[in-house]
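Please read these numbers as outputs of a predicted model, since none were measured by experiment. Reckoned from all heavy atoms, side chains included, excluding hydrogens, waters and symmetry mates. Chain naming here is simple, since letters A, B, ... match the order of the sequence lines and numbering starts at 1 in each.
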2 protein chains.
Amino acid sequence: MSFDGQLPPKTRLLRAAAELLANSAGGAVSTRQITQRAGVTAPTLYHHFGDKEGLFDAVVAAGFEEYVAGERDFAPSGQPLEDIRRMWDNHVQFGLNQPELYLVMFGNIRPESRPAVVADAEGLMEEMLNKAAVAGQLNVPPREAARSILAANVGVTLMLITEKAPERNLELSTMTRDAMIFAVSSEQAKENGPEASGKSSVVVAAIALNAALQASHSDQLSSSELKLFLEWLHRISTSSTS
Amino acid sequence: MSFDGQLPPKTRLLRAAAELLANSAGGAVSTRQITQRAGVTAPTLYHHFGDKEGLFDAVVAAGFEEYVAGERDFAPSGQPLEDIRRMWDNHVQFGLNQPELYLVMFGNIRPESRPAVVADAEGLMEEMLNKAAVAGQLNVPPREAARSILAANVGVTLMLITEKAPERNLELSTMTRDAMIFAVSSEQAKENGPEASGKSSVVVAAIALNAALQASHSDQLSSSELKLFLEWLHRISTSSTS
DNA sequence: TAGCACCTATAGCAACGCTATATGAAGTGC
DNA sequence: GCACTTCATATAGCGTTGCTATAGGTGCTA
């Protein structure tokens, strides 16, 4: 149909799959649709991508580049937590702009099998949270914070996708976003518990130091010392109460 | 196989589908599997349930009864926000106990088509949040709070399901849960200064941790460990590198 | 007994993901 | 220039999927 041009079949398959995925209104996309649109036959698909999932993975990888590009463009504002907010909003916007692609990336859940793209997104957020941790702005270890925020981010995006476009209320996103960021940040005023603030200064400092040490591979400690040091820091920063 | 008994075919189909769904390790469940296990042929299924999705909806309805029963059993503790916590935990536990059924209920996302079960779960949570609102414990309208909490709840549960069982860290759930509940509750102290954020460096963090550790005699480390730990902190905090 | 819903089985369709096999094109060594 | 390998694509078809057109059996009411 559209890709009779001189592009190599592999590229045509990728484009055809991406376009069909973007335009398929919720319905599944078949390999026959893809190959027909790409102007090739079935074995070509399996020669280049192994199977259908392989093709989709490749499409997702391209989509993920776009996603990451959106994340990185806004990156350095100097205020890591503000950057996390923008990462969150960018995540939601990506999901709403390309719901089908997003569902392939984040919605294709199967038990005990984690898509690589989720781990990548998690790493991206953890990276940013590390900066916040170094600045002493984090209440919990960056990895746990990233997992928690990303889980909420995906949940909100999926819920927004299921809503019809005109009814979408993005306040759901901003509210949940700020709730999560506030929860992991150390700037909260903890007036509930009297002993809570005393403990939190230890934890915040330990988390900050831990992040800082891992970021700038320090040479003040020998490697064996560093290893033990980090183990202790982990024990402190993951302890629930003192 | 197992349902040659005298139960009506409709019931046998429901049970067969439920059992196959519960035991299928992530893979899809075919109508032929279901009908064979139920001891009937294909048209029987379509006579009673219309199509495959109709059968699954019926299974989900039964599963949802179980889910709701779990939610309601714990309901009246007098503290609505505490009940919300239990609803959250019950939701997560339900998802981890019956991941396949949960995925059919909450993971089968398609754009602009919201499963009825999601609306029901939302209503259930909103109902409970209404009590909190009446008691003046809510910061936002119950409906928005319910949507926000449920979105995060689903996101966390989906993320936990994708993890292999032995590695599951339920702290992700409790942390996100408390963050969301705290965010919608009116008990938060909203007075936190815009700055008060320190500098970012290993040295500052080490100094902060050092002071904090000495202030609150931590018992996470033995005294000999603490001595060495403090010595290292001193080495770090007196060095000039960033 | 006749008629009438209701329920189930036989048999098979179109579409699915995927592949065994064969054919063409492009390079490589002699 | 020619055999040889390698890569890339096509022909044809396998087994399975969700689903159905048609017909037959069953039990109830008249």
Return the value, rounded to whole Å, for the distance between atom [atom1] of [X] and atom [atom2] of [N].
| X | N | atom1 | atom2 | value |
| --- | --- | --- | --- | --- |
| Arg12(A) | dA8(D) | CZ | C1' | 12 Å |
| Ile34(B) | dT17(D) | CD1 | P | 11 Å |
| Leu13(A) | dG17(C) | CG | P | 13 Å |
| Gln33(B) | dT16(D) | CD | P | 11 Å |
| Leu45(B) | dA9(C) | CG | C1' | 14 Å |
| Gln36(A) | dT9(D) | CD | P | 18 Å |
| Asp51(B) | dG18(D) | CG | C1' | 9 Å |
| Phe56(B) | dC19(D) | CZ | C1' | 14 Å |

### Query
Which of parallel (below 30°), tilted (30 to 60°) and perpendicular (above 60°) describes Tyr67(A) and His91(A)?
perpendicular
Which nucleotide sits closest to the side chain of [X]: [options]?
| X | options | result |
| --- | --- | --- |
| Pro43(A) | dG17(C), dA9(C), dA10(D) | dA10(D) |
| Thr41(A) | dA10(D), dA21(D), dG18(D) | dA10(D) |
| His48(A) | dA9(C), dA8(D), dC7(C) | dA8(D) |
| Tyr46(B) | dG17(C), dC19(D), dT19(C) | dC19(D) |
| Ala42(B) | dC18(C), dT20(D), dA10(D) | dT20(D) |
| Ser30(B) | dC16(C), dT17(D), dT9(D) | dT17(D) |
| Arg32(B) | dC13(C), dA9(C), dC18(C) | dC13(C) |

Salt bridge flag under 4.0 Å for residues [X] and [Y]:
| X | Y | result |
| --- | --- | --- |
| Asp83(A) | Lys131(A) | no |
| Lys164(B) | Glu167(B) | no |
| Arg147(B) | Glu163(A) | yes |
| Glu126(B) | Arg143(B) | yes |

### Query
Can you tell me if the side-chain N/O atoms of His47(A) get under 4.0 Å from OP1 or OP2 in dA8(D)?
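Yes, His47(A) has a side-chain N/O under 4.0 Å of OP1/OP2 on dA8(D).
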### Query
Distance check: side-chain N/O of Thr44(A) vs OP1/OP2 of dA10(D), anything under 4.0 Å?
yes
